[in-house]
Amino acid sequence: MPRKRILPLVLFALQAPCRAAEFPSFRTQEIDPHVGNVCYAVTTADVDGNGKPDVVAVAEDAVVWYANPGWKKHILIKNATEKDNVCIQPHDIDGDGKVDFSLGASWQPTNTKTGGTLQWIRRSGEGDTPWQVLPIASEPTLHRMRWGDVLGTGKKQLVVAPLQGRGTKGPNWGEGQGVRLLVYSVPNDPSKDTWPVEVADDSLHTIHNLQIIDFDGDGHNDVVVAAWEGVFVLKRDSSGHWSKTQIGSGNQETKPFKGSSEVKVGRLADGRRYIATIEPWHGFQVVVYTPPKSGQGLWDRHVVDEPVQWGHAVWCADVDGDQDEELIIGQRDKSQNPARDPQGPGVLIYDPEADSSSIRFTRHVIENGGVGTEDLIAADLDGDGDNDLVAGGRSTHNVRIYWNQKTSQHD
């Protein structure tokens, strides 16, 4: 079993104790030792239509996929976009019943005036024929994107978050023009027509990631963002007006970087929520926000673990079958603190354990040193009902699957 450490943290009172599930072990499989100089992003999608989720990875000059179950590597595109490719999301864009991908490229993180291309790619033939790249738009420092129906039309839109506002400069990225959070609607003919776009917000700085989720339970999708100023929820009403509500403070004490970096909303077995982040931007703290004890105002901030050297991925998923969603963290670099155990880089899981008055997190080390995690995702790859993990490395250049052994342990 992986090494673990109890991290006590009083979060909020629960109505009744939850029985802790046995935490599973994970088996490592490297499906690509060198996808490129950097594995910027990983996701899953059924590319070949066999009903099984394939693994998709983005390198600086290519998009590739690995066929489930044998994990044979296939190239979707190579040298077809401006370097570097940086983000990808699957969606059936042209409505033909087969998955396409939206793709962000021309990644130039300090160039806030030009660059940043947005395109989608679709299959142009059978077998390993290179896919077709079709332009959508451009935006400097385009960095992250998600699909979701945030306009309430019944169809998903593409929500795009650049990293920085136009014309801003470091190290104080919190000054100047805010980030234009863009919402693109798919036109009737997405290969030829202009994609309609609206600006959801342009007041926040250094938006490093986002999630589309029905945050307040009203049946409509909202946008949760992690930014220089903290954690916010953006919501669009029926009249088309966007509102912004701050949920978390972010780390405002550090220099030169501040705020929140990655973000995901997690749920416990009883339906309560928490918000997980890395703080500050490109930071060293694993942070959880919980609803305020006072019932109003900003959510309560709790540091779960530190120092995590350059946390760069956050996911929430139930990996042990107890209906609580665990907090999954990717660490990008080796720790500079010689006393830190684990040193990393790698993958960590924080398992919430609830009793009548508190929640504690047990840290499980899934990977220590084998992948410099730039991105990760949880998905059931083998159809056994348990979430597995996929991680892509920056310094290590690789793609790995971590197979959840929970089902096999109890067969």
Please lay out, stage by stage, how Y40 and D84 fare under the test side-chain hydrogen bond (donor to acceptor under 3.5 Å, both in side chains).
CA-CA 9 Å; Y40 277 103; D84 283 4; 2.6 Å; yes

Between [Y] and [X], is there a side-chain heavy-atom distance shorter than 4.5 Å?
| X | Y | answer |
| --- | --- | --- |
| I31 | Q29 | yes |
| V265 | F215 | yes |
| E139 | R180 | yes |
| V179 | L204 | no |
| I329 | V347 | no |
| F23 | K406 | no |
| L327 | V286 | yes |
| F26 | P24 | yes |

With a 3.5 Å cut-off and no angle check, do the side chains of [X] and [Y] form a donor-acceptor pair?
| X | Y | result |
| --- | --- | --- |
| T28 | E30 | no |
| Q157 | T153 | yes |
| T110 | Q108 | no |
| E306 | Q285 | yes |
| R122 | Q132 | yes |
| T277 | E279 | yes |

Polar side-chain atom of [X] near backbone of [Y] as donor-acceptor pair, under 3.5 Å:
| X | Y | answer |
| --- | --- | --- |
| T206 | Q164 | no |
| W65 | V63 | no |
| E367 | V365 | no |
| N50 | N68 | yes |
| D380 | G385 | yes |
| D318 | Q323 | yes |
| R146 | L210 | yes |
| D100 | I93 | yes |
| E374 | G372 | no |
| T373 | D375 | no |

Compare every heavy atom of [Y] with every heavy atom of [X], then report the nearest pair and how far apart it is.
| X | Y | answer |
| --- | --- | --- |
| V225 | V263 | C-CG1, 4.3 Å |
| E60 | K83 | O-CG, 3.8 Å |
| V399 | C39 | CG2-SG, 4.0 Å |
| N209 | R144 | ND2-NE, 3.4 Å |
| V47 | D54 | N-OD2, 2.8 Å |
| L376 | A313 | CG-CB, 3.7 Å |

What is the ring orientation for [X] with [Y], classed by angle as parallel under 30°, tilted 30 to 60°, or perpendicular over 60°?
| X | Y | value |
| --- | --- | --- |
| H208 | W281 | tilted |
| H34 | H397 | tilted |
| Y184 | W195 | perpendicular |

[X] bridged to [Y] by N-O distance under 4.0 Å:
| X | Y | value |
| --- | --- | --- |
| D305 | R340 | yes |
| K73 | D32 | yes |
| K169 | E175 | no |
| R363 | D351 | no |
| K293 | D300 | yes |
| R272 | D270 | yes |
| E325 | R267 | no |

Rounded distance (nearest 0.5 Å) linking atom [atom1] of [X] with atom [atom2] of [Y]:
| X | Y | atom1 | atom2 | value |
| --- | --- | --- | --- | --- |
| D320 | H364 | CG | NE2 | 7.5 Å |
| S249 | W299 | OG | CH2 | 13.5 Å |
| S203 | F232 | OG | CZ | 7.0 Å |
| L103 | L142 | CG | CG | 9.5 Å |
| Q119 | I88 | CD | CD1 | 10.0 Å |
| M145 | L182 | CE | CG | 10.5 Å |

Ring pair (Phe, Tyr, Trp, His ring centres under 6.0 Å) between H205 and W173, worked out:
CA-CA 7 Å; H205 297 81; W173 296 102; over 10 Å; no

Under the side chain to side chain contact (heavy atoms under 4.5 Å, CB included) rule, what do S185 and L151 come out as? Steps first, then yes or no, please.
CA-CA 9 Å; S185 296; L151 302 185; 3.5 Å; yes

Report, as yes or no, whether the 6.0 Å neighbourhood of atom [atom1] on [X] holds more than 12 heavy atoms from other residues, nucleotides or ligands.
| X | atom1 | answer |
| --- | --- | --- |
| D218 | CG | yes |
| K156 | NZ | no |
| Q177 | CD | yes |

Please report the C-alpha distance between W242 and E198 in whole Å, then the side-chain angles of each, then the deciding distance to 0.1 Å, and finally whether the side-chain hydrogen bond (donor to acceptor under 3.5 Å, both in side chains) criterion is met.
CA-CA 10 Å; W242 285 91; E198 64 179 79; 2.7 Å; yes

Is there a side chain to side chain contact (heavy atoms under 4.5 Å, CB included) between L348 and Y350? Walk through the geometry before answering.
CA-CA 7 Å; L348 307 170; Y350 300 82; 3.2 Å; yes

Hey, mind stepping through Q336 and Q309 against side chain to side chain contact (heavy atoms under 4.5 Å, CB included) and telling me if it holds?
CA-CA 7 Å; Q336 296 177 3; Q309 193 71 35; 3.5 Å; yes

Stepwise side chain to side chain contact (heavy atoms under 4.5 Å, CB included) check, V287 with I278
CA-CA 6 Å; V287 173; I278 293 290; over 6 Å; no

For salt bridge (Lys or Arg N to Asp or Glu O under 4.0 Å), just list the numbers for D222 and K235, CA-CA rounded to whole Å, side-chain angles, deciding distance to a tenth of an Å, and then say yes or no.
CA-CA 5 Å; D222 312 305; K235 188 175 186 64; 2.9 Å; yes

